[in-house]
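Scroll down for the structure; my scribbles are underneath it.
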Amino acid sequence: MGLPRALPPAAALRLAGLLCAAGILLASGAGGGGTGGVRRPSGDGMNVLFIVSDDLRPVLGCYGDLVVKSPNIDQLASRSVVFQNAFAQQAVCAPSRVSFLTGRRPDTTRLYDFHSYWRVHAGNYTTLPQYFKENGYISMSVGKVFHPGVSSNHNDDYPYSWSVPPFHPSSEKYENTKVCKGKDGQLHANLICPVDVSEMPEGTLPDIQSTKEAIRLLNIMKENNSKFFLSVGYHKPHIPFRYPQEFLKLYPLENITLAPDPSVPKGLPSVAYNPWMDIRRRDDVQALNISFPYGPIPEDFQRQIRQNYFASVSYLDMLVGKLLNALDDTGLSNNTIVVFTADHGWSLGEHGEWAKYSNFDVATRVPLMFYVPGMTAPLSYPGYRHFPFIDLFDRVLKPLPQGKPKEMVELVSLFPTLAELAGLRVPPLCPDTSFHVSLCTEGQSMVQYFPSAKGGHESSSEEGKLHRPPIAFSQYPRPSDTPQLNSDLPLLKDIRVMGYSMHTVYYRCTLWLGFNPSNFTVDRNDVHGGELYFVESDPNQDHNVYGSETHGHLTKTLCRILEH
Ligand SMILES: *[C@@H]1O[C@H](CO)[C@@H](O)[C@H](O)[C@H]1NC(C)=O
Ligand SMILES: *[C@@H]1O[C@H](CO)[C@@H](O)[C@H](O)[C@H]1NC(C)=O
Ligand SMILES: *[C@@H]1O[C@H](CO)[C@@H](O)[C@H](O)[C@H]1NC(C)=O
Ligand SMILES: *[C@@H]1O[C@H](CO)[C@@H](O)[C@H](O)[C@H]1NC(C)=O
Ligand SMILES: *[C@@H]1O[C@H](CO)[C@@H](O)[C@H](O)[C@H]1NC(C)=O
Ligand SMILES: *[C@@H]1O[C@H](CO)[C@@H](O)[C@H](O)[C@H]1NC(C)=O
């Protein structure tokens with residue numbers, strides 16, 4: 001492992017400038033109001049199909065991945081604006097979902113674990129689907145949109161968020177049961193679980209059922225003639241890797257490499273490390289006797305995890321292809337906005353880590369694309385198909401996305417973005433303290449970053465632009481400075497440290513700060529660890545230069561926003 005390279009002075013200067021500007025913008029409370037009324041995107045009055053996958057990092061052809069086969073999502077990307085730098089606010093399911101569905105950060109939903117419902121625990125916030133519902137849309141939830149359980153009041157926030165009771169696939173209850181055939185011929189609760197679907201309980205899989213239900217609802221909506229907001233939450237590629245076994249054939253094991261940086265980096269503060277407990281608990285992984293907390297997992301098994309993750313992504317791609325094809329069949333692809341994203345990413349062995357539960361980009365960065373007919377793709381003549389199904393075993397297309405903005409954007413901004421695209425009033429920016437405000441957002445509409453050349457709509461002046469600097473924030477809680485059994489998922493009462501990250505196009509800085517769960521206060525003088533990585537010289541984030549001799553001064557400047 002070489003010494004970190006110094007940041008080129010020019011870049012450092014640009015950064016310092018950016019940061020000063022950022023500091024001022026943030027301090028002044030930034031702009032107020034949304035971009036509503038400034039201009040009308042051509043998505044006005046359109047339906048919304050909101051597709052959210054579970055634990056999917058952007059290993060997709062349309063994000064330049066050379067291994068993964070995802071032709072149907074790539075095809076969607078070729079008619080969409082595809083954000084290259086989109087980040088989740090916390091790399092674990094329930095906190096991330098509640099954050100982007102309410103348009104508030106975890107510090108405002110006060111959900112860092114799975115065990116509280118924001119309406120009673122933090123504030124009675126209006127959600128994204130609720131907002132569409134209150135504006136005359138039929139809002140519907142299929143599969144995993146809210147995380148089930150306490151965090152969505154055991155009912156996916158129905159009836160507030162949804163017009164009709166949410167749909168859950170009946171076969172999801174088998175996800176964690178012993179249904180995976182092992183080498184011994186017995187059934188286990190394995191991590192790696194390619195299956196013959198006909199042998200599964202009920203003869204199906206959850207995402208297959210969700211796709212069928214979503215297609216059924218599209219057909220009803222076509223007849224009904226009313227505007228709709230349909231959310232479809234896929235379970236894959238979340239573990240266990242239970243998917244139709246034919247997708248494994250797309251990824252011969254001998255072609256699968258290890259992560260480029262499979263060891264725990266020397267300069268990583270121990271508080272930053274997540275011990276991937278959910279992986280360890282699976283039967284097939286337990287049998288490997290992997291030492292806690294650092295492992296490592298045997299190399300051959302690392303390859304198999306990667307192989308099965310990729311195969312699960314291709315299975316997901318097939319289902320997304322079927323769903324989009326149904327949008328064509330129903331004639332709705334001409335007047336429906338399609339969003340595709342994920343709740344957060346997933347480490348595939350980088351830094352000796354697996355799963356989510358961290359502040360590394362591999363855990364926080366997500367795919368994010370918007371298809372807006374008439375804006376990101378032309379309106380079509382009757383009979384034209386926007387989304388012909390592509391058989392993954394037939395051919396591999398490499399179509400190009402319509403636009404690839406590099407700006408740092410955040411999932412917390414989905415709410416104002418979709419409101420603007422659909423021509424609804426954009427919720428105002430939240431005041432500093434907003435527990436009492438039911439409708440506001442801590443994000444900002446991303447429509448300002450859409451390439452304006454397409455679809456004939458003019459980007460109007462500078463008004464409504466750059467309310468806040470191009471920075472994305474993420475955070476992750478820890479119970480202690482060293483990895484413990486509960487480091488991945490501490491209960492609120494056990495949280496002692498909060499790691500706050502800021503991402504710019506040049507670097508990521510993370511400060512791990514003392515946190516008091518009884519009154520939610522952060523002690524900025526109580527620093528438990530720091531991380532600083534430069535995108536250009538260290539894209540994989542292996543050389544932490546926080547506080548290093550050569551970068552001491554720079555650290556102070558670059559991380560300043562986090563200290564306020
Ligand atoms: C939240 O607000 C809704 C109206 O939007 C109301 O019906 C509901 O009772 C409120 N819930 C709580 C917990 O205050
Ligand atoms: C059809 O639309 C109307 C409102 O336009 C709504 O009341 C009704 O429930 C819808 N039917 C279904 C099956 O969603
Ligand atoms: C696997 O690697 C070999 C050799 O590089 C290559 O010829 C083959 O196409 C690869 N197979 C797949 C499915 O990518
Ligand atoms: C794991 O440990 C058990 C009991 O200590 C032993 O029987 C087994 O052979 C070990 N497995 C491996 C893969 O080392
Ligand atoms: C799409 O919309 C345009 C403009 O409203 C219309 O001319 C065209 O026929 C529509 N295409 C389809 C496939 O419905
Ligand atoms: C939060 O609680 C801690 C310990 O109970 C206390 O030291 C601190 O002053 C409190 N902070 C605020 C802002 O109330």
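Atom set for the values below is all heavy atoms of this structure, side chains included, hydrogens, waters and symmetry mates excluded. Ligands are counted one by one from 1 in listed order, and the atoms in each one are counted from 1 as well. This one's a predicted model, so the numbers in the text were calculated from it and none came from an experiment.
Ionic pairing of Lys356 and Asp55 is present here: one or more N-O contacts between side-chain nitrogen and carboxylate oxygen are shorter than 4.0 angstrom.
A donor-acceptor pair is defined here as one N or O able to donate and one able to accept, closer than 3.5 Å; such a pair exists between the side chain of Arg280 and the backbone of Pro293.
Of the protein's non-hydrogen atoms, the one nearest atom 12 (C) of ligand 3 is Asn255 ND2, 3.3 Å. For atom 7 (O) of ligand 1, the closest non-hydrogen atom on the protein side is Tyr160 CE2, 3.7 Å. Looking from atom 2 (O) of ligand 4 to the surrounding protein, the closest heavy atom is Asn289 ND2, 2.2 Å. From the protein, the heavy atom lying nearest to atom 13 (C) of ligand 3 is Pro252 CD, 3.6 Å.
The aromatic ring centres of Tyr112 and Phe515 sit less than 6.0 Å apart. Taking the six-membered ring for Trp and the full ring otherwise, the centers of Tyr63 and Phe83 sit at least 6.0 Å from each other.
Taking the six-membered ring where tryptophan is involved, the planes of Tyr251 and Phe310 are tilted, since the angle between them lies from 30° to 60°.
Ligand 3 lies within reach of Leu250, whose nearest heavy atom is under 4.0 Å from it.
Here's the thing with Asn124: one of its N/O atoms is less than 3.5 angstrom from an N/O atom of ligand 1.
Listed by atom number, the atoms of ligand 4 under 4.0 Å from Ala287 heavy atoms are 11 (N), 12 (C), 13 (C).
Within 4.0 Å of atom 9 (O) of ligand 3, not a single protein heavy atom is present. Counting only heavy atoms, the protein never gets under 4.0 Å from atom 4 (C) of ligand 1.
A cation-pi arrangement, defined by a distance under 6.0 Å to the six-membered ring centre and an angle within 45 degrees of its axis, is present between Arg104 and Tyr125. Remark: Lys133 fails to qualify as a cation-pi partner of Phe229 under the 6.0 Å distance and 45° angle criteria applied to the six-membered ring.
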